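What follows is a short report on a single structure.
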Amino acid sequence: MNIARKKVKDDLDEAVGISIYRDKFRVLPYGEKNNDWLRLDHRRIQNPTMRLSNNQIVGYISISKEKKQRIKGQDKSGGIS
């Protein structure tokens, strides 16, 4: 495997799941490699031919405090409520 192809593969392996950005800042732990907050892996186990797992999807959700007043931040451990 050439170096460029390996780099792309490694980058895709790290960029798994759905991340959340609030006002252009990443909200942790959403989108971390081992954080399946949408339970995609659990759903896939129940129906593997019809469902995607967390490592088969990459995406993000962008939210803004100005537009979503009911979303509140959590403590230092990260996340939103």
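Throughout, numbering of the chain's residues begins at 1 and tracks the sequence. Predicted, not measured: the structure shown is a model, and the values here were computed from it.
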*Determine whether Val16 and Ile57 make a side-chain contact, defined as any pair of heavy atoms from C-beta on separated by less than 4.5 Å.*
no
*Under the side chain to side chain contact (heavy atoms under 4.5 Å, CB included) rule, what do Ile61 and Ile18 come out as? Steps first, then yes or no, please.*
CA-CA 7 Å; Ile61 297 169; Ile18 305 294; 3.9 Å; yes
_Between OG on residue Ser62 and NZ on residue Lys24, distance to nearest 0.5 Å_ = 8.5 Å
*Is there a chain of hydrophobic side chains (I, L, V, M, F, W, Y, each step under 4.5 Å between heavy atoms) that links Val27 to Tyr21?*
no
*So which heavy atom on Gly31 is nearest to which on Ser19, and how close?*
CA-OG, 3.5 Å
*Do you know the tightest heavy-atom contact between Gln56 and Ser53?*
OE1-N, 2.8 Å
*Taking all non-hydrogen atoms of both residues, which atom of Val58 and which atom of Ala15 are closest, and how far apart?*
CG2-O, 2.6 Å
_Gap between atom CG of Asn55 and atom CG of Leu40 - 0.5 Å precision_ = 10.0 Å
*Tell me, which pairs form a salt bridge (charged side-chain N to carboxylate O under 4.0 Å, His left out) where one or both residues lie in residues 25-46, sequence neighbours left out?*
Glu14-Lys33, Arg26-Glu32
*Between CZ on residue Arg5 and CD1 on residue Ile3, distance to nearest 0.5 Å*: 14.0 Å
*asked:* Quick check on the hydrophobic clustering: are Ile63 and Tyr60 connected, directly or via other members, by side-chain heavy-atom contacts under 4.5 Å?
replied: no
*Just wondering, more than 12 heavy atoms not from Asn34 lying within 6.0 Å of its CG?*
no
_side chain to side chain contact (heavy atoms under 4.5 Å, CB included) between Lys65 and Arg22, worked out_ = CA-CA 7 Å; Lys65 187 174 182 178; Arg22 182 175 183 175; 3.4 Å; yes
*Would you mind reporting whether Ile20 and Trp37 have side-chain heavy atoms less than 4.5 Å apart?*
yes
*Can you measure from CG (Leu28) to CG (Asn35) and round to the nearest 0.5 angstrom?*
9.0 Å
